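Below: the structure, in structure tokens.
Below, chain A is the first sequence line, B the second, and so on; all start at residue 1. Being a predicted model, the structure only gives us computed values, none of them experimental.
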Amino acid sequence: MPVTSNACAESIHVVTFLQRRIGAGAAIGFWRQRDPRRTMPHDPDPPPAKRFKPGSVFFRLERNKPGMLLPRKGNVTTPIEVQRKQLPIYQAKPQLVTQLRQLSNAIVIGETGSGKTTQIPQYLYEAGIGRQGMIAITQPRRVAAISLAGRVSEEKRTQLGKLVGYTVRFEDLTCSETKLRFMTDGMLLREAIGDPLLLRYTVVVLDEAHERTVHTDVLFGVVKAAQRRRRELNKIPLKVGCGWLVIVMSATMDVDLFSEYFNKSPVLYLEGRQHPIQIYYTKQSQSDYLQAALVSVFQIHQEAPASHDVLVFMTGQEEIEALARTCRDIAKHLPDGCSPMVVIPLYASLPPAQQLRVFQPAPKGCRKVILSTNIAETSVTISGIKYVIDTGMVKAKRFNPDSGLEVLAVQRVSKAQAWQRAGRAGREDSGSCYRLYTEQEFDNFIPMTVPEIQRCNLAGVMLQLMALGIPDVMNFDFMSKPSPEAVRSAVEHLELLGALERKNGQVVLTALGKKMASFPLEPRYAKTILLSPDFSCSDEVLSIVSLLSVDTVLYNPPARREEVLAARRKFTSSEGDHMTLLNIYRAFKKVSGNKVGLGGGSQRDGEVFAGCTMTRRATCPPLLQEWCRENFVNSRNMGLVKDVQAQLRDICLKLNLKLESCGADTGSVRRCLAHGMFVNAAELQPDGSYLALDTHQPVAIHPSSVLFQGKPAYVVFNELLHTSRCYMRDLCLVDADWLLDAAPEYFGRKLRLSKS
DNA sequence: GAGCACTGC
């Protein structure tokens, strides 16, 4: 029986089913305990250090703002020095420092929150290792970089931004005194473009390396090359530089792969205190994991004390909201004597205020059940979780280099991911993890999640590598090589944009490509900006590209559809979605009086809520907030647009681009978009359907587009989204002549193909 | 007439 949300009859059905199933105790046999001979797993699945223990709590509850968690200012009763000595890593300090002093590479494995990230940089500094330069500690997420810097500067009893600082996009809190620099991996990578040898640093610590973000993966190669190159330079009699060390630290990872890649680097394990987690598998394979999740929630609810919270890992917003409604319905009809239940959904696109609900304790005698996406795997840490229910499924993006299509699909998690999820049950105390699959099924999961670099569009990565001066991008030293097709497809795409050219059989960066690489943008957006002065519309194009680089500024609550449509009508442009967005942005700026009221250089852009940025500091004036509410515009993302635009504008100025507005002449903006995005063009067919001009695959206008009702002859689009059909999203009306003009040779070829 | 997980520069 499917878990559906709205049908009352059906939920009653579910109640009866559950009462039959749990009330009578029939469900006791639903679960099978893990084979006792197999205790907690060990190397390599997962590595020995990955047993579960509580993370050190770095956050405190803000009194004035209920539910808000901020970095802990230190325990009043326990001095900070004592706290540091209580960390498990402290026992290993002498050996650790001795090892790190001798080694040029080390892989340190320790649990998240065990203190490795806060302590190792300090140990290095205190031991005088790498004093000649800076120690960089990279993080995949900005909040982590910010909060860790805060904690360490506090431990060093210095002002944040002096000895200890952080660098993330839009924010750099460091100075000439800074020795310990926490930063996002993307920032270090960007810095490497200007300084491939990373000469300002004596030590680079790549934290959370097991997450294998694209940035970390590229950094592996960059850091390794810089290390080798610097060693070569040190052979020159006039010795420059000093001890140079790379540490890769992570909780769960493929140790052999890492060690092998970093020249057979030694692996140091940091064991810590841990809480056991009991793992349960289902006896039989579950064909409907949502139904199984529902049964499990209520089984736990019946059997466990109400103070024990439950965290359920699911795949997305829609199924989370549906299951939440079903759970609430059933909870209302439970027999007397059963504790009440609060059901809280958690996913990234949820408004900040609602996300905060997961941190609020449930009323006494009431059980908290959190239904979450994998945001709760790494980005948000919730205390008090005693039970984890793991559906074993995740929604993940995959890229097909042949079609250029990214597909978001529900798929099995990896073993590493399943362990990560289980670990969420044992952060403060022992816990249980109910896996909605059999142990045999688990044994067949892939060991590690496929690194992002093998799943994404590589055009941006390849451009960045070229800009880093990597002589042979096709054979870059990746820890996990992307497929040759993906590399070839990316190189072809960049050639088409004019960023790369072939010289004597080698692919080299063009002058245009070099400029493109200086923008933190997808290559085609960078190209469009660089073209914009030719059409005298750089102002407009900067705004449009900024609007396209944030999540979405449009807020679409389904329940208020009519209101949304009415509010949006006044901005709608018959020329397409880009122009509509531009109209909204122009109106927003008019109301904001062009003042930097949101974001802005010196503003901290986010508060830290237990490891998750949830709101921008509310500097948005009330009037502007009201305007956003009335017009169904996401004010937080609109603030980000302003930050992005300011950054892009700075880059344009550095490149001496002429910044000017075309005013009401929107034709030139569309002309510019046609020239920048010609690869993403589609043509209306006689039968009313559309064909993408590059691959000749059938495509359709996404119903969310303002052009959905119309039938424009030619459009350029932002992206293709493959769901029930292949949809074009964010469209702009263009002339066929402009496309031909933009790439005569390319379209000459395409059109000939199209006709034949 | 659809519906998108999560990051990051």
message: Whole angstroms only, please: what is the CE-P distance between A/Met516 and B/dC9?
response: 20 Å
Euclidean distance, atom CD1 of residue A/Ile193 to atom C1' of B/dC9 [Å, nearest integer]: 9 Å
task: Tell me which nucleotide among B/dA2, B/dC6, B/dC9 gets nearest to the side chain of A/Ser724.
output: B/dA2
- request: Taking the side chain as every heavy atom from C-beta outward, state whether A/Leu188 and A/His215 have any pair of such atoms under 4.5 Å apart.
  value: no
Listed nucleotide nearest any side-chain atom of A/Asn374, set B/dA2, B/dG8, B/dC6: B/dC6
query: CG of A/Leu720 versus C1' of B/dA2: gap in Å, rounded?
result: 15 Å
- prompt: Using a cut-off of less than 4.0 Å, is there contact between a side-chain N or O of A/Arg142 and OP1 or OP2 of B/dC9?
  reply: yes
query: Does A/Glu211 pair with A/Arg141 as a salt bridge, N-O distance under 4.0 Å?
result: yes
query: Between B/dT7, B/dA2, B/dA5, which nucleotide gets closest to the side-chain atoms of A/Arg141?
result: B/dT7
statement: Testing B/dG1, B/dA5, B/dG8 for proximity to the side chain of A/Phe708, the answer is B/dG1
- prompt: Of all the choices, B/dC6, B/dC9, B/dG1, which nucleotide is nearest to the side chain of A/Tyr347 once you look at every atom?
  reply: B/dC6
message: How many whole angstroms separate atom CZ of A/Arg212 from atom P of B/dG8?
response: 19 Å
- request: Would you mind telling me which of B/dG1, B/dC6, B/dC9 lies closest to the side-chain atoms of A/Pro520?
  value: B/dC9
query: When all nucleic acid strands are considered with a 4.0 Å heavy-atom cut-off, which category describes A/Arg561: base, sugar-phosphate, or nothing?
result: base
Contacts of A/Cys726 that satisfy side chain to side chain contact (heavy atoms under 4.5 Å, CB included) - sequence neighbours left out: A/Leu405, A/Gln697, A/Val699, A/Leu720, A/His722
message: Between A/Glu191 and A/Arg200, does any side-chain N to carboxylate O distance fall below 4.0 Å?
response: yes
task: Starting from P on B/dC9, measure out to CD1 on A/Ile146 and report it in whole angstrom.
output: 9 Å
- prompt: Of all the choices, B/dA2, B/dA5, B/dC9, which nucleotide is nearest to the side chain of A/Gln317 once you look at every atom?
  reply: B/dA5
Counting only pairs under 3.5 Å, give me each side-chain donor-acceptor contact of residues 547-555 of chain A, with atom names and distances, residues two or more places apart or in other chains.
unit_1, atom_1, unit_2, atom_2, d
A/Ser549, OG, A/Val545, O, 2.7
A/Ser549, OG, A/Ser546, O, 3.3
A/Thr552, OG1, A/Leu554, N, 3.0

message: Nearest whole Å is fine: how far is B/dG8 P from A/Ile453 CD1?
response: 17 Å
- prompt: Can you list the steps and then say if A/Glu321 with A/Tyr347 is a side chain to side chain contact (heavy atoms under 4.5 Å, CB included)?
  reply: CA-CA 10 Å; A/Glu321 292 292 357; A/Tyr347 43 88; 2.4 Å; yes
- prompt: Whole-Å distance between B/dA5 C1' and A/Ile320 CD1?
  reply: 9 Å
query: Between B/dA5, B/dG1, B/dA2, which nucleotide has the shortest distance from any of its atoms to the side chain of A/Tyr727?
result: B/dA2
query: Heavy atoms under 4.0 Å, any strand shown: does A/Gln709 hit a base, just sugar-phosphate, or nothing?
result: nothing
- prompt: Which part of the nucleic acid, if any, lies within reach of A/Leu721 when heavy atoms closer than 4.0 Å are counted: base, sugar-phosphate only, or nothing?
  reply: base
Euclidean distance, atom CD of residue A/Glu211 to atom P of B/dC6 [Å, nearest integer]: 14 Å
- request: Output the single nucleotide from B/dG1, B/dA2, B/dA5 whose closest atom is nearest the side chain of A/Ser704.
  value: B/dA2
- request: Would you tell me if any nitrogen or oxygen in the side chain of A/Thr373 comes within less than 4.0 Å of OP1 or OP2 on B/dC6?
  value: yes
task: Under 4.0 Å between any heavy atoms, over every strand shown, what does A/Thr213 touch: base, sugar-phosphate, or nothing? Just pick one.
output: nothing
- request: Return the nearest nucleotide to the side chain of A/Lys395; candidates are B/dA5, B/dC9, B/dA2.
  value: B/dA5
